[in-house]
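In what follows, every heavy atom counts, from backbone to side chain, and hydrogens, waters and symmetry copies are set aside. Fair warning: this is a prediction, and the values are worked out from it, not measured in the lab. So you know, we letter chains A, B, ... as the sequences are listed, proteins then strands, and number each from 1.
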2 protein chains.
Amino acid sequence: MDQHRQSETHQRRSIGARKNPNTEAAILDAALKLLLAKGGKGLSMDAVAREAKAGKATIYRWWPTRGALLLGVYARIKGAHVHADTGCIETDIAAFFEHVFEFWQKDAGRVFALIIAEAQSDLDVAEALAAYRSERINDWMTVFERAKERGELRDTVDCKLAADTIIATAWHHLLTNRLDVKGSDLARTLAYGVVKS
Amino acid sequence: MDQHRQSETHQRRSIGARKNPNTEAAILDAALKLLLAKGGKGLSMDAVAREAKAGKATIYRWWPTRGALLLGVYARIKGAHVHADTGCIETDIAAFFEHVFEFWQKDAGRVFALIIAEAQSDLDVAEALAAYRSERINDWMTVFERAKERGELRDTVDCKLAADTIIATAWHHLLTNRLDVKGSDLARTLAYGVVKS
DNA sequence: TACCTAACGAGACGAACCGTTCATATACAA
DNA sequence: TTGTATATGAACGGTTCGTCTCGTTAGGTA
């Protein structure tokens with residue numbers, strides 16, 4: 001019968017007046033799969049709907065733009081940021097680069113790079129990215145202020161600018177596809193600068 | 001008559017077996033105009049063709065992808081890079097940031113940001129951007145090596161990494177829409193790092 | 001229980017965009 | 001003058017976009 005046909009092809013259906021977590025998972029999985037298989041331009045709403053066997057209205061309901069979908073994918077695969085506290089700011093920075101570059105070398109890097117790209121032409125993504133970036137800056141500011149309190153840093157250091165430079169370096173290596181550098185080299189440059197004492 | 005109709009609506013036509021410079025100018029102007037008026041997503045090949053009153057085949061012949069068109073627009077409005085040589089690396093860096101941020105605050109910044117974005121999903125643009133970036137890195141490496149020779153820098157400084165950090169900082173401020181910072185503040189952080197002597 | 005509301009898959013719809021094809025117009029060479 | 005090569009613009013089929021409708025499912029509420 002007709003009412004059985006769809007149940008035979010695939011089972012996922014409405015589970016009532018609430019979001020179906022299976023549907024959400026299927027859509028985000030499909031988006032990530034397409035993204036990795038066909039690159040950023042392979043991620044179209046139509047293709048995701050086909051791949052996930054979902055209705056387009058369902059996708060647009062939860063992720064109204066392509067950028068929102070990208071943010072959803074990244075949130076799904078992202079773990080919590082943990083900052084090492086080795087008592088030495090240089091090794092803290094080095095550990096951060098090693099950790100984030102390794103994480104980005106799996107699928108997450110391509111997703112995050114596309115989010116930065118999308119932010120250049122989608123104001124909502126830009127705002128979400130700015131908020132996320134602000135959190136990361138604050139994380140690093142506390143690390144720097146801790147280091148300053150224990151007398152490791154020069155008193156004139158602007159902690160916010162220092163934090164910003166670290167994030168800038170990380171993003172830059174992601175965007176230019178150079179995630180294979182040694183974190184310790186980057187850390188040395190950022191910790192000591194260039195000018196002789 | 002039919003063969004006169006098109007000549008009446010607009011005059012630009014083939015000038016034989018060579019590129020029509022008027023057409024090139026009209027297309028690049030149209031692309032820039034759309035880009036500034038409607039943002040990155042307003043720049044479609046169709047819209048450019050309409051705005052420039054040109055055939056799409058003409059556009060695709062000279063700029064086979066959207067990214068190539070972006071590169072063409074940027075090349076058209078970009079001036080030559082000149083590096084100050086004040087004898088002090090910190091003020092050289094500060095002058096660079098002031099100069100490039102001012103340049104980017106006019107239309108060029110939006111164009112270059114979109115090129116970086118496009119490079120995340122277009123391999124050709126990524127290669128062109130890498131080549132361009134490589135030139136800028138080399139510029140800065142010579143500046144740093146000059147400073148090292150006159151004894152201004154620590155001997156252990158990696159000039160390439162230092163150059164990379166400057167470009168990273170500039171890009172980051174562009175991508176996060178913060179071109180209104182003081183170049184001297186950025187220069188101080190990059191020149192002296194954070195760690196006490 | 002009976003009704004209301006909301007999520008879901010499917011796909012139709014017009015608009016816009018993509019990349020290509022084709023016919024024509026022009027310059028240059030033989 | 002005639003032939004060839006290239007630039008140019010209009011048109012075409014296919015894809016994507018974002019919205020909408022439809023029938024179905026199931027939780028929440030009275």
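The distance from atom CH2 of A:Trp63 to atom C1' of D:dC17 is 18 Å, rounded to the nearest whole Å. Whole-Å rounding puts the A:Asp46 CG to D:dT19 P distance at 13 Å. Distance B:Lys38 NZ to C:dA16 C1': 11 Å, rounded to the nearest Å. Going from atom CE of A:Met45 over to atom P of C:dA15 covers 21 Å, rounded to whole Å. Computed from coordinates, the B:Ile59 CD1 to D:dA7 P distance equals 15 Å when rounded to whole Å. Nucleotide D:dG9 holds its C1' atom 11 Å from the CD1 atom of B:Ile27, rounded to whole Å. The interatomic distance linking B:Leu34 (CG) with C:dC17 (C1') rounds to 13 Å, in whole Å. To the nearest angstrom, P of D:dG14 lies 22 Å from NZ of A:Lys41.
Here the two rings, on B:Trp104 and B:His173, have centers that are 6.0 Å apart or farther.
For the OP1/OP2 pair of D:dT8 and a distance below 4.0 Å, the side-chain nitrogens and oxygens of B:Trp62 include at least one atom meeting the criterion. For C:dA7, the OP1/OP2 oxygens have no side-chain nitrogen or oxygen of A:Thr23 closer than 4.0 Å. Between A:Thr58 and C:dC8 there is no side-chain polar atom (N or O) within less than 4.0 angstrom of OP1 or OP2. Contact between the side-chain N/O atoms of B:Ser14 and the OP1/OP2 oxygens of D:dT6 is not found at any separation under 4.0 Å. Contact check, A:Arg50 against D:dT16: a side-chain N or O comes under 4.0 Å of OP1 or OP2. Side-chain nitrogen and oxygen atoms of A:Arg12 include at least one within less than 4.0 Å of the OP1 or OP2 phosphate oxygen of C:dG9.
Residue A:Tyr60 has its side chain nearest to D:dT19 when only D:dT19, C:dC17, C:dT26 are considered.
Backbone-only engagement by A:Asn20 is indicated by non-hydrogen atom pairs under 4.0 Å involving sugar-phosphate atoms exclusively.
Using modelled atom types, one side-chain atom of B:Arg12 and one backbone atom of B:Lys53 make a donor-acceptor pair closer than 3.5 Å.
Both cation-pi conditions hold for B:Arg136 and B:Tyr132: the charged atom is under 6.0 angstrom from the six-membered ring centre and inside a 45 degree cone around its axis.
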What are the atom names and distances for every N/O pair under 3.5 Å that joins the protein to nucleotides 20-23 of chain D?
none

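Ring geometry for B:Phe96 versus B:His83: interplanar angle under 30°, hence parallel rather than tilted (30 to 60°). Ring-plane geometry between A:Trp140 and A:Phe144 is classed as tilted, the angle between the planes lying from 30 to 60 degrees on a 0 to 90 degree scale. Classified by interplanar angle (parallel below 30°, tilted 30° to 60°, perpendicular above 60°), the ring pair B:Phe103/B:His99 is parallel.
Atom CG of B:Asp85 is surrounded by more than 12 heavy atoms from other residues, nucleotides or ligands within 6.0 Å.
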